[in-house]
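Since the structure comes first, as structure tokens, the remarks are kept for the end.
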Amino acid sequence: MRRVSVFGATGSVGQSTLDLLARRDDIQVVALTGGRNVSRLAQAAIAHRAEIAVTAFDDCLADLQAALAGTGIEVAAGCEAVAEAGLRPADWIMSAIVGAAGLAPGFAALSQGTTVALANKESLVTAGRLLLAEAARHGATILPVDSEHSAVFQALVGEDIAAVETVTLTASGGGLRDWPLADLARATPDDAGKHPNWDMGQRITIDSASMFNKAMEVIEAHEFFGLPAEKIKVLIHPQSAVHALVAFADGAVMGHLGAPDMRHPIGYALNWPARADLPVARLDLAKLGRLDFAAPDLARFPALALADVVMRTGGAAGAVFNAAKEIALDHFIARKIGFTDMAPVVEETLSRFASRASLTRSPGSLAEVLAMDTEARQLAGEVANSRCRGAA
Ligand SMILES: NC(=O)c1ccc[n+]([C@@H]2O[C@H](COP(=O)([O-])OP(=O)(O)OC[C@H]3O[C@@H](n4cnc5c(N)ncnc54)[C@H](OP(=O)(O)O)[C@@H]3O)[C@@H](O)[C@H]2O)c1
């Protein structure tokens, strides 16, 4: 039996992972973790006969204990308990907690030298260098789960990264891609929270409309594949059928195509290095008829220009960028700032942080990353508040 843990089991990626695990009979589920959705966590723990279920929140412990009473499944709560679950021996661990909370469990998982399927974007963006060093130190394997990075990873099988000229990540353009530029300032969270192709949570869907999601992915690709900023491109591709393109020195371009379903990249990571049958729709190109591509307009998507700044700056810039865009998004969802205020909040936070401390100095430990995250959130809060609607 293969021992498997899922961090963020109650979320979108976590549930897709459990869907795949439920179809197999060679899996022993070790740890499942969640946040506030206790009933979903308990249901999953029972259905998958997990050894332990952990909620990140102490005040959810009593409910989780009650839901799992008499099942023999261990129960725990708190951030430390989630990280400790990452130390439980497992052959494959899905890292799908959202946000900076995913960092510590991810590091714990890597320390046991196992295979970690990495969905948590924030890990690579905020602490890419540390994370890869931790994996190397313990002989752990990180497999990318973001669909674009999985696509690049698959296109690179058997290839020499030195022969790569460019990597292109595709972007649907999000829910506002057809809006006139002048109207974007009045877009609401509901407008931005509708995705044309992918079924995801509200935050990541809004991040798709603002292209902050793609900006995070560009930085992830830079960190994970070790490619310089100038080799990473973004192309608007409304059909979301091509996930990424890798161009090589001999002029060849390898593209990865597939239906937009996260169970493909998750399943690829689960079966890697083999391929196995997956319950995803098959791409019917004749039915699709056409594939469109366009260069992104940086006036419409300033987040992409900020990603470029972050890659060229290096050091702490990724941690500050991530924290600032989270705070800007919180303010937009709370309708305190407008859609087009988010990028200026991030830009100003990066510049204010740089005037206080060195942005180019890389954090030397996970604790330092988390301290920078806290400081940048506070700074971004001040910047966002100064732009709040009705602010003097
Ligand atoms: N959705 C996608 O298609 C997709 C694609 C590629 C990459 N990703 C990345 O994968 C990660 C997960 O995305 P998602 O869409 O699955 O997110 P999601 O649906 O919001 O799920 C997030 C998971 O994290 C848990 N969680 C929330 N706060 C936590 C905390 N403080 N400590 C521990 N656990 C906490 C949630 O628990 P509760 O729900 O129980 O509170 C849930 O299990 C993100 O980094 C995202 O950017 C997502």
Side-chain angles (χ1 to χ4, degrees), residues 5-19 31-45 53-61 63-64 67 76-86 94-106 108-109 116-127 131 143-151 153 169 171-172 193 195 197-208 212-217 219-221 224 240 243-244 259-266 268-269 280 322 325-326 329-330 333 370 373:
S5 290
V6 181
F7 287 77
T10 51
S12 165
V13 173
Q15 292 285 296
S16 293
T17 306
L18 292 176
D19 175 79
L32 295 182
T33 82
R36 298 215 165 269
N37 198 339
V38 170
S39 59
R40 189 179 276 179
L41 179 60
Q43 249 174 27
V54 188
T55 162
F57 300 102
D58 291 323
D59 58 340
C60 293
L61 179 61
D63 285 347
L64 188 59
C79 302
E80 280 176 20
V82 173
E84 272 169 32
M94 166 55 76
S95 166
I97 289 174
V98 67
L103 260 73
V116 174
L118 187 65
N120 176 271
K121 290 180 203 284
E122 297 80 4
S123 298
L124 278 170
V125 172
T126 63
L131 196 81
L143 297 172
V145 169
D146 237 327
S147 57
E148 296 79 359
H149 304 78
S150 173
F153 188 80
L169 309 181
S172 70
H195 199 283
N197 306 333
W198 293 88
D199 180 16
M200 305 182 291
Q202 183 198 35
R203 294 180 74 84
I204 193 168
T205 304
I206 295 174
D207 277 350
S208 293
F212 267 111
N213 184 48
K214 205 53 53 182
M216 294 281 283
E217 290 175 1
I219 302 167
E220 265 186 287
F224 187 75
S240 298
H243 300 136
D261 185 333
M262 281 304 292
R263 291 177 304 172
H264 170 74
I266 296 167
Y268 181 78
V280 298
N322 175 65
K325 82 115 190 136
E326 286 292 322
L329 181 59
D330 289 344
I333 290 173
L370 295 175
D373 177 80

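Counting starts at 1 for both ligands and their atoms, in listed order. The residues of the chain are indexed from 1 along the displayed sequence.
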Pairs of nitrogen or oxygen atoms closer than 3.5 Å, one from Gly11 and one from ligand 1: do any exist? yes
(message) Does any part of the side chain of Leu32, heavy atoms only, come nearer than 4.5 Å to the side chain of Leu41, both counted from C-beta?
(response) yes
shortest atom 32 (N) of ligand 1-to-protein heavy-atom contact is with Ala56 CB, 3.2 Å
When distances are taken from atom 45 (O) of ligand 1, the protein heavy atom at minimum range is Glu122 OE1, 2.9 Å
When distances are taken from atom 6 (C) of ligand 1, the protein heavy atom at minimum range is Asp146 OD1, 2.8 Å
Closest heavy-atom approach to atom 44 (C) of ligand 1 among Val98, Leu41, Val125 is made by Val98
Closest to atom 48 (C) of ligand 1 by heavy-atom distance, out of Thr55, Val38, Val13, is Val13
the protein heavy atom lying closest to atom 43 (O) of ligand 1 turns out to be Thr10 OG1, 2.7 Å
In terms of its nearest heavy atom to atom 31 (N) of ligand 1, the top option of Gly102, Ala9, Ala101 is Ala101
Of all protein heavy atoms, the one nearest atom 15 (O) of ligand 1 is Ser12 CB, 3.6 Å
- Query: Donor-acceptor pair, Asp146 side chain versus His149 backbone, under 3.5 Å?
  - Reply: no
One should read off an interatomic distance between Met216 CE and Asp207 CG, to the nearest 0.5 angstrom, of 7.5 Å
Kindly confirm or rule out an N or O of Arg36 lying under 3.5 angstrom from an N or O of ligand 1.
yes
Quick one, Glu217 with Asn213, criterion side chain to side chain donor-acceptor pair (under 3.5 Å). Give me CA distance, side-chain angles, the key distance, then yes/no.
CA-CA 6 Å; Glu217 290 175 1; Asn213 184 48; 3.2 Å; yes
ask   = Can you find a pair of side-chain heavy atoms, one from Gln202 and one from Thr205, that are under 4.5 Å apart?
value = no
- Message: Would you say that Lys325 contacts Asn322 through its side chain, given a criterion of any heavy-atom pair below 4.5 Å between the two side chains?
- Response: yes
for atom 35 (C) of ligand 1, nearest protein heavy atom and its distance come out as Ile97 CG2, 3.7 Å
- Message: Using 30° and 60° as the class boundaries, would you call the ring planes of Tyr268 and Phe153 parallel, tilted or perpendicular?
- Response: perpendicular
In ligand 1, the atoms that come under 4.0 Å of a heavy atom of Ile204 are 4 (C), 47 (O), 48 (C)
Looking only at protein heavy atoms, what sits closest to atom 12 (C) of ligand 1 is Ala96 O, 3.3 Å
Note: ligand 1 atoms sitting under 4.0 Å from heavy atoms of Ala119 are 7 (C), 8 (N), 9 (C), 10 (O), 45 (O)
The closest protein heavy-atom partner of atom 25 (C) of ligand 1 is Gly35 N, 4.3 Å
Looking at ligand 1, does any of its N/O atoms fall within less than 3.5 Å of an N/O of Gly99? no
May I ask you to check whether Asn37 has an N/O atom sitting below 3.5 Å from an N/O atom of ligand 1?
yes
For Gly8, the atoms of ligand 1 under 4.0 Å from one of its heavy atoms are 23 (C), 43 (O)
Ligand 1 to Met262, heavy atom cutoff 4.0 Å, flagged ligand atoms 3 (O), 5 (C), 6 (C)
